[in-house]
Number of protein chains: 2
Amino acid sequence: MSTRARLIEAAFTLFDEQGFEETTVDDVVQRAGVGRTTFFRHFRAKEDAVLPDHAGLLSQVEERLAQSDHLATRVVEAARVVLDHYLAEGERARLRHRLAGSVPAIRSRETAGHRAYQRAFLAAIRAELGTDPDAELEAELIANAVVTAHNVVLRRWLRGVTETPTTEFDRALARATEPLRATTATSVRTPQTSAPDGEVAPEVTAEAARRSVALLEELLPTLRRLADDQAQ
Amino acid sequence: MSTRARLIEAAFTLFDEQGFEETTVDDVVQRAGVGRTTFFRHFRAKEDAVLPDHAGLLSQVEERLAQSDHLATRVVEAARVVLDHYLAEGERARLRHRLAGSVPAIRSRETAGHRAYQRAFLAAIRAELGTDPDAELEAELIANAVVTAHNVVLRRWLRGVTETPTTEFDRALARATEPLRATTATSVRTPQTSAPDGEVAPEVTAEAARRSVALLEELLPTLRRLADDQAQ
DNA sequence: TGAGTTACGGTACTCAGTACCACTCAGTAA
DNA sequence: TTACTGAGTGGTACTGAGTACCGTAACTCA
């Protein structure tokens, strides 16, 4: 067992048994049987010993995103790389999740990692959607939806709510990448002929219209009074 | 000028001039002319001196979300509370944004705050959509889209890219809350007007309706604020 | 006047993280 | 053998964030 592995093992055990704040780096290195300097040579900070290798994972994600198949496929499979990593960790991932629930330092590092993935997704999506403000917003929303969908499923597995995370992942990411498939389908495949649009658009549009009209109706009495006041 | 205000002023100035890491708490308290203990009585950590009052802002957000008008309205206006806070800070918000770009501690605290808002939105949306897995995912996606849309607009203003953040905000949040309006329309409202008897092609009508609805949604917040102002 | 409250200042401490230097132990070449 | 090299390791000393505790001034309310 390598020095690094012993440090990780000791950190997980002690953080779990006696808490993160209550455990000093000295405790960890003593349990691992190594010097204090060695700890900080392997990990930049105390919490790094129980964090996944986000840097390595990120480069795998970027690698998958850089391939040349359809954008939606690339995004889904790149997110799948991250999920698979957590699943492969097994109990250790679950323990980290419990720790993150009570230790801000661990939680914030974990979310920083997710932000890095999100930015990688964003870059890939933006490259396809363009950079005008509306497309920019759309890309941000989709990139964020992908990470969120991933996280929702991952969290369910971490908490032991589901035993079929990969199945749920496919469903969740299909939902998250829906607008991506729609926009790239219309803008790339068929220029404005609206063959696929014609099937689903009317009901959706009708629902949205009803709702907006309803909202407007809420405002109408006030607006009418406002108009009357202005007329005087 | 209160002690707290002097500390904040000193922290912003020194962090900006000589960098966050290069500035010690002793530097800050010396510039503010107070004791070191006083700093940590006002702020739990060094970076807190330049962070907005997320706790106070969060309770304002929750207050707005707890009202009884339409969900989409509550969510949009609650997010607007946060945007308005940053806009009111002016140059100070921009300085913080620059600092967050280079200081992980500040950035992670800022995202932690946004996560808190996101959870408040999530609770409100989930209460309306239900808690089965699909609805849960939907709620998470929408809550995240709201925060993302807010952040996209905010960031554009922080970087000086736009001078009309509130207009962009209305547009961005109309987009982010689109699925929210659609889903609640089916469950809450029923159509009140029958279809017109004209002989226009259905797709053309649908497309025209879609544009009108989108424009109407953008205008709704403005009309609502206008009505509120007059009501006072 | 005295008791409680609030805000501030000082001292001493723990511990994370850094800088620097020394050691060990491989492998390699002379 | 000896000498050299480089990676991994360990020890020591330091800086600085954050905490605990105690003392003090001012202000308020009996």
Side-chain angles (χ1 to χ4, degrees), chain A residues 1-51 53-56 96 99-100 102-113, chain B residues 1-51 53-56 96 99-100 102-113:
Chain A
M1 202 177 190
S2 72
T3 298
R4 185 185 181 87
R6 283 209 312 280
L7 282 169
I8 293 175
E9 174 71 29
F12 266 108
T13 305
L14 291 176
F15 293 173
D16 184 35
E17 286 178 355
Q18 60 186 51
F20 180 81
E21 312 288 356
E22 291 73 20
T23 305
T24 69
V25 173
D26 282 303
D27 295 337
V28 176
V29 299
Q30 188 179 352
R31 183 174 230 272
V34 300
R36 202 176 110 91
T37 312
T38 304
F39 181 93
F40 288 106
R41 193 172 288 120
H42 282 280
F43 309 104
R44 310 192 64 171
K46 182 180 164 186
E47 62 269 23
D48 288 23
V50 294
L51 290 177
D53 178 22
H54 281 304
R96 181 191 303 119
L99 286 171
S102 57
V103 183
I106 297 179
R107 183 170 51 242
S108 82
R109 293 294 296 271
E110 198 68 344
T111 60
Chain B
M1 202 178 192
S2 71
T3 299
R4 185 183 180 88
R6 282 210 312 280
L7 282 169
I8 293 174
E9 175 71 29
F12 266 107
T13 305
L14 290 176
F15 293 172
D16 184 36
E17 286 178 355
Q18 60 187 51
F20 179 80
E21 313 288 355
E22 291 73 20
T23 305
T24 69
V25 173
D26 282 302
D27 295 337
V28 177
V29 299
Q30 187 180 352
R31 184 176 231 271
V34 300
R36 201 177 110 91
T37 313
T38 303
F39 182 93
F40 287 106
R41 194 172 287 120
H42 282 279
F43 310 103
R44 309 193 61 165
K46 182 181 166 187
E47 62 268 24
D48 288 23
V50 294
L51 290 178
D53 178 22
H54 282 303
R96 181 190 304 117
L99 286 172
S102 58
V103 182
I106 297 179
R107 183 170 51 242
S108 83
R109 293 294 296 271
E110 196 69 345
T111 60

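Within every chain, numbering begins at 1; the chains are lettered A, B, ... in the order of the sequence lines, protein sequences first and strands thereafter.
- The side-chain contact (heavy atoms from CB on, under 4.5 Å) test with B/Arg109 singles out one residue from B/Val50, B/Leu51, B/Val103, and that residue is B/Leu51.
- Remark: A/Phe40 pairs with no residue by the ring-ring contact (aromatic ring centres under 6.0 Å, His included) rule, at least two apart or across chains.
- Here CD1 of B/Ile106 is found 12.0 Å from OG1 of B/Thr111. Values are rounded to the nearest 0.5 Å.
- Under the salt bridge (charged side-chain N to carboxylate O under 4.0 Å, His left out) criterion, B/Arg107 pairs with no residue, sequence neighbours left out.
- Sorted pairs that involve residues 18-36 of chain A and meet salt bridge (charged side-chain N to carboxylate O under 4.0 Å, His left out), not counting sequence neighbours, are lacking altogether.
- Take B/Thr23 and apply the side chain to side chain donor-acceptor pair (under 3.5 Å) test, not counting sequence neighbours, and it matches B/Gln18.
- The footprint of chain B on DNA chain D, defined by a heavy-atom cutoff below 4.0 Å, extends from D/dG16 to D/dT19.
- With sequence neighbours excluded, no residue forms a salt bridge (charged side-chain N to carboxylate O under 4.0 Å, His left out) with A/Glu110.
- By the side chain to side chain contact (heavy atoms under 4.5 Å, CB included) test, B/Ala112 pairs with no residue at all, sequence neighbours left out.
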Anything under 3.5 Å between a donor and an acceptor, one on a side chain of residues 3-15 of chain B, the other on a protein residue two or more places apart or in another chain? List them.
unit_1  : atom_1 : unit_2  : atom_2 : d
B/Arg4  : NH1    : B/His42 : O      : 3.4
B/Arg4  : NH1    : B/His42 : ND1    : 3.4
B/Arg6  : NE     : B/Ala32 : O      : 2.9
B/Arg6  : NH1    : B/Met1  : O      : 3.3
B/Glu9  : OE1    : B/Arg92 : NH2    : 3.1
B/Thr13 : OG1    : B/Glu9  : O      : 2.8

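- Residues of residues 2-27 of chain B having a heavy atom closer than 4.0 Å to DNA chain C, listed by number: B/Thr3.
- Across residues 34-44 of chain A, A/Val34, A/Gly35, A/Thr37, A/Thr38, A/Arg41, A/His42 each have a non-hydrogen atom less than 4.0 Å from an atom of DNA chain D (numbered order).
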